[in-house]
Every structure is written in C-alpha cells, then in structure tokens.
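Scroll down for the structure; my scribbles are underneath it.
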2 protein chains.
Amino acid sequence: MARFSYQDESVSDETLQQICPLTVTQNVIAGRWKIVILWHLSQTEMIRFSALLKKLPGISKGILTRQLRELEEDELVHREVYKVVPPKVEYSLTEQGQKFIPVLAAMQVWGKEFINKKIEIKK
Amino acid sequence: MARFSYQDESVSDETLQQICPLTVTQNVIAGRWKIVILWHLSQTEMIRFSALLKKLPGISKGILTRQLRELEEDELVHREVYKVVPPKVEYSLTEQGQKFIPVLAAMQVWGKEFINKKIEIKK
DNA sequence: CAGCATCCATATCGATACTG
DNA sequence: CAGTATCGATATGGATGCTG
C-alpha cells in the first residue's frame with residue numbers, strides 16, 4: 001500500500017487511517033500512562049500490580065488497571081494471574097510488546113535532545 | 001540523572017516526570033494529528049497550509065491550525081509567512097523536528113508488524 | 001492484593017461563522 | 001488563503017467506595 005495515498009475512493013478515509021501504521025501505533029499508545037508503563041515493563045521480566053503502582057507516582061489503581069487492560073487487549077502486555085490468597089498478578093511484555101522497545105528507545109533519545117536544547121536556551 | 005529514580009525527595013514527582021525524556025516526548029506528540037502532520041512534513045521540504053489540509057482528510061482548518069501552533073511552540077515546526085495577497089504560509093520541520101524522524105520510522109515499523117499480526121489472526 | 005463500578009471534572013476535539 | 005473566535009460534544013482521566 002502506498003502510504004497516505006488516498007487514491008482509492010472505494011475505501012473510506014477512516015478505514016485508510018486505521019491501516020496507516022503510524023496512526024495505528026499512535027492509537028495504541030495514546031493513553032496518559034501507557035508509554036511509561038511499557039517502559040517499566042521493559043525494565044523487568046515481570047512485575048506485580050502493586051509494584052508497578054509504586055513506580056508510577058500520581059496514578060490511581062483504577063487508572064492503572066484500565067491502561068493495563070487496554071494494553072492487554074492490544075496484546076502488548078501479558079497478564080499472569082496466580083490463584084492465591086491474597087491475589088497475585090504479574091505483568092510482562094508480550095512478543096509484540098518487546099518489539100515496541102525500539103520505539104521507546106527512539107523516543108527517549110529524542111526526548112533527551114529536546115530537554116538539553118531547552119536547558120541550553122535558558123542559559 | 002537516573003531515569004525514573006525517585007530517590008531525591010526534594011524534587012516533586014511532577015518535576016521529575018517533566019524531566020523524563022519519554023514523558024516529554026509523549027506530551028509533545030500527544031495531539032490527535034501531530035504524528036501524521038510530522039510525517040507529512042518529513043515527506044517534503046515545505047508545504048502550504050492548504051496543501052497540508054488536503055492531505056489530512058477529516059481534519060478541520062481550526063484544528064490543523066491549533067496542532068501546528070503547538071508544534072511550532074515546541075519548535076518542531078517552522079512557519080514561514082509570505083506577506084502576499086492572498087496569504088501564503090509554508091510549514092517545514094525545524095532541526096529538532098528532523099531529529100524526530102527516527103521516532104516516526106520506529107513507530108511505522110512497529111505499526112506494520114502490528115497490522116500484519118492482526119491480519120494473520122483473522123485468517 | 002488486585003481489582004471493578006460509578007461519577008465528576010476537564011481537556012481536547014470538532015463544527016461553525018467570521019476576517020484581513 | 002490562512003487564519004481566529006466561540007461553543008458544544010465527547011472522551012479521558014482521576015477520585016472514591018466496595019469486593020472476592
């Protein structure tokens with residue numbers, strides 16, 4: 001498919017945008033905390049819900065759950081439930097989630113440059 | 001700075017998150033159309049407002065203007081105004097904007113894999 | 001411990017009408 | 001042509017209380 005070629009009028013814009021790799025990616029990581037969550041998951045094999053919660057100051061349990069559920073639905077994140085009392089749940093990246101790490105890396109590189117530039121200007 | 005190390009209690013979480021390169025990047029590209037706009041700008045030296053508008057089916061003039069203004073504020077996008085009648089304005093990537101292209105590339109790679117996987121599953 | 005259900009606040013989007 | 005201003009709709013985030 002020629003990217004962003006809207007030649008084929010038989011396909012709606014909406015459909016085309018869903019097929020656009022960039023738009024797809026954007027939609028998947030759109031949530032307020034998703035990128036940071038993915039980063040934390042990339043730093044460990046597995047992590048418990050409560051541990052993840054501690055690593056995300058400012059987030060509430062409800063929100064963390066929702067963001068994780070969405071990432072799970074998109075199959076970036078695996079959820080392992082241990083049937084014990086009290087409950088224990090561990091999260092990890094799926095294969096598709098691992099493949100996202102280069103994006104995180106690129107974002108981090110750019111973010112650092114961005115911050116450095118901002119600091120320079122202030123001098 | 002140790003990334004995501006919240007050791008230093010003298011700094012607020014908010015401040016730390018502003019310093020976090022990932023969060024910074026996310027905030028910059030958070031807008032509904034920003035990533036696609038950046039991609040289009042990466043495909044040409046310069047592009048007129050009206051031409052960009054045509055390449056983004058579904059967006060309205062007002063929204064495009066707002067998204068561009070924000071990208072301009074973050075210094076990813078340069079706005080060149082020609083003082084002619086009727087007005088002519090051309091947009092292009094700044095140096096900082098050019099540096100963002102690798103992120104777009106990584107996102108595109110991942111998005112393609114994601115789409116392919118979805119298609120496979122449906123078979 | 002790890003949720004879920006609910007509700008409210010707000011931000012962002014998006015449509016529309018107007019302008020130099 | 002390339003905006004601005006305004007306003008309503010909607011989505012998302014976030015707080016809270018309850019539960020197996």
Side-chain angles (χ1 to χ4, degrees), chain A residues 12-14 17-18 22-38 40-41 44 46-74 77-92, chain B residues 12-14 17-18 20 22-24 26-38 40-41 44 46-74 77-92:
Chain A
S12 71
D13 293 338
E14 206 177 325
Q17 287 181 5
Q18 278 166 7
L22 273 179
T23 307
V24 165
T25 305
Q26 191 190 19
N27 289 339
V28 169
I29 61 170
R32 166 96 170 69
W33 299 91
K34 284 184 185 171
I35 287 173
V36 187
I37 289 171
L38 289 172
H40 279 289
L41 291 179
T44 54
M46 297 208 142
I47 187 168
R48 292 189 66 165
F49 182 84
S50 51
L52 192 50
L53 192 64
K54 278 179 202 161
K55 288 184 180 291
L56 299 166
I59 199 175
S60 72
K61 272 195 300 179
I63 300 297
L64 179 53
T65 301
R66 252 194 266 169
Q67 303 267 310
L68 284 167
R69 286 292 170 286
E70 288 174 22
L71 288 169
E72 209 190 335
E73 255 184 75
D74 289 327
V77 165
H78 173 70
R79 177 163 168 260
E80 187 74 32
V81 184
Y82 300 89
K83 297 200 175 176
V84 292
V85 181
K88 174 179 172 182
V89 178
E90 286 190 330
Y91 291 89
S92 57
Chain B
S12 72
D13 293 336
E14 207 177 324
Q17 286 180 4
Q18 280 167 4
C20 166
L22 273 179
T23 307
V24 164
Q26 192 190 18
N27 289 338
V28 169
I29 61 171
R32 166 95 171 69
W33 299 92
K34 285 184 186 171
I35 287 173
V36 187
I37 289 171
L38 290 172
H40 279 290
L41 292 178
T44 55
M46 296 209 145
I47 187 168
R48 293 188 67 164
F49 182 83
S50 51
L52 193 51
L53 193 62
K54 279 180 202 158
K55 288 185 180 289
L56 299 166
I59 200 176
S60 72
K61 272 195 302 180
I63 301 296
L64 179 54
T65 301
R66 252 193 266 170
Q67 303 269 309
L68 284 167
R69 286 290 171 288
E70 287 174 23
L71 287 169
E72 209 190 335
E73 253 183 76
D74 289 326
V77 165
H78 173 70
R79 178 163 168 260
E80 186 73 31
V81 183
Y82 301 89
K83 298 200 175 177
V84 292
V85 181
K88 174 177 170 182
V89 178
E90 286 189 329
Y91 291 90
S92 58

Specify the separation, in whole Å, of atom [atom1] of [X] and atom [atom2] of [N].
| X | N | atom1 | atom2 | result |
| --- | --- | --- | --- | --- |
| Arg66(B) | dT4(D) | CZ | C1' | 11 Å |
| Ile59(A) | dG14(D) | CD1 | P | 7 Å |
| Leu56(B) | dA2(D) | CG | P | 14 Å |
| Lys88(A) | dG20(D) | NZ | C1' | 19 Å |
| Leu53(B) | dT4(D) | CG | P | 14 Å |
| Leu64(A) | dT16(D) | CG | C1' | 17 Å |

Heavy-atom check, side chain of Tyr91(B) versus side chain of Ile37(B), under 4.5 Å
no

Are the side chains of Ile47(B) and Lys55(B) in contact, using a 4.5 Å heavy-atom criterion?
yes

Minimum heavy-atom separation for [X] and [Y], please, with both atom names.
| X | Y | value |
| --- | --- | --- |
| Val89(A) | Arg79(A) | CG1-CG, 3.8 Å |
| Ile29(B) | Gln26(A) | O-NE2, 4.0 Å |
| Val28(B) | Lys34(B) | O-CD, 3.3 Å |
| Val77(A) | Leu68(A) | CG1-CD2, 4.4 Å |

Strictly below 4.0 Å: does [X] bring a side-chain N or O up to OP1 or OP2 of [N]?
| X | N | answer |
| --- | --- | --- |
| Arg79(B) | dG3(D) | yes |
| Ser50(B) | dA2(D) | yes |
| Gln67(A) | dT12(D) | no |

5' precedence on DNA chain D between Arg69(B) and Glu70(A) (nearest-nucleotide basis):
Arg69(B)

Please classify the nucleic acid contact of Lys61(A) as base, sugar-phosphate, or nothing, using heavy-atom distances under 4.0 Å.
base

Using a heavy-atom cut-off of 4.0 Å across all strands, would you classify Tyr82(B) as base, sugar-phosphate, or nothing?
nothing

Between the side-chain atoms of Arg32(A) and the base atoms of dG14(D), is any donor-acceptor pair under 3.5 Å?
no

When rounded to the nearest 0.5 angstrom, what is the spacing between CH2 in Trp33(A) and CD1 in Ile63(A)?
9.0 Å

Counted 5' to 3', the first and last nucleotides of DNA chain C within 4.0 Å (strictly under) of a heavy-atom of chain B are dC13(C) to dG20(C)

Which of the following nucleotides, dT4(D), dC1(D), dG14(D), is nearest to the side chain of Ile63(A)?
dG14(D)

